[in-house]
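For reference, the structure discussed in these notes is given below.
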Amino acid sequence: MSMRISDTAFVLAAALLVAGCGEQSGDLAVEAEAITCAVGQGAAMADGCSVERTATADGTLLTIRQPDGGFHRLRLAADGRTVTTADGADMAQVTPAGDGLIDVTVGEARYRLSTVAPQPTP
């Protein structure tokens, strides 16, 4: 049995992709933090969403995941109160919620966020 060069290249590429699965790129590990949210028009605030925080040169990138599989990416500025959308068409609206918390509304979703990132546990 012989293999053409294109078949060998395909097998090699597939093997490299499988070998790379599950590896981290050397960046800091990102842990998800549970947050309260309301997803959909008229929905009440409840537990069920999570946020991943990644430090960048432009501020903290927030990836907020909803229970229905949807998500939003936001950028939290160094002041901890200025939030902008990192992608998507909807603008973020911020409302103070007291005790170091803010409510961020994007489209029909509302998220309650801490303006201070949680400290890593040893």
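Numbers here simply count residues along the sequence, with the first being 1. Note that the coordinates shown come from a computational prediction; the quantities given were computed from them, not determined experimentally.
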Expected list for residues 96-105: side-chain donor-acceptor pairs under 3.5 angstrom, two or more places apart:
unit_1, atom_1, unit_2, atom_2, d
Asp103, OD1, Arg112, NE, 2.7
Asp103, OD1, Arg112, NH2, 3.3
Asp103, OD2, Arg112, NH2, 2.9

Answer yes or no: is there a side-chain heavy-atom contact under 4.5 Å between Thr95 and Arg110?
no
Shortest non-hydrogen contact between Gly48 and Pro67, atoms and distance:
O-CG, 3.5 Å
Output the distance between atom CG (Leu62) and atom CZ (Arg73), rounded to the nearest 0.5 Å.
11.5 Å
Please say yes or no: joined through hydrophobic side-chain contacts below 4.5 Å, possibly via intermediate residues, are Ile35 and Val94 part of one cluster?
yes
Write down the atom of Gln41, the atom of Glu108, and the distance for their closest heavy-atom approach.
N-OE1, 3.5 Å
Mind checking the CZ-CG spacing from Arg53 to Leu61? Nearest 0.5 Å is all I need.
11.0 Å
If you compare all heavy atoms of Thr85 against all heavy atoms of Ala92, which two are closest, and at what distance to 0.1 Å?
CG2-N, 3.7 Å
So CG of Leu113 and CG of Leu74: to nearest 0.5 Å the spacing works out to 7.5 Å
Give me each pair satisfying ring-ring contact (aromatic ring centres under 6.0 Å, His included) with a member in residues 45-73, each pair once, sequence neighbours excluded.
His72-Tyr111
Would you check if Thr54 and Thr63 make a side-chain contact, meaning some heavy-atom pair closer than 4.5 Å?
no
Considering non-hydrogen atoms only, spot the tightest contact between Asp90 and Gly107 and give its length.
OD2-CA, 3.7 Å
For Ala44 and Ala38, the nearest pair of non-hydrogen atoms, with its separation, is O-CB, 3.7 Å
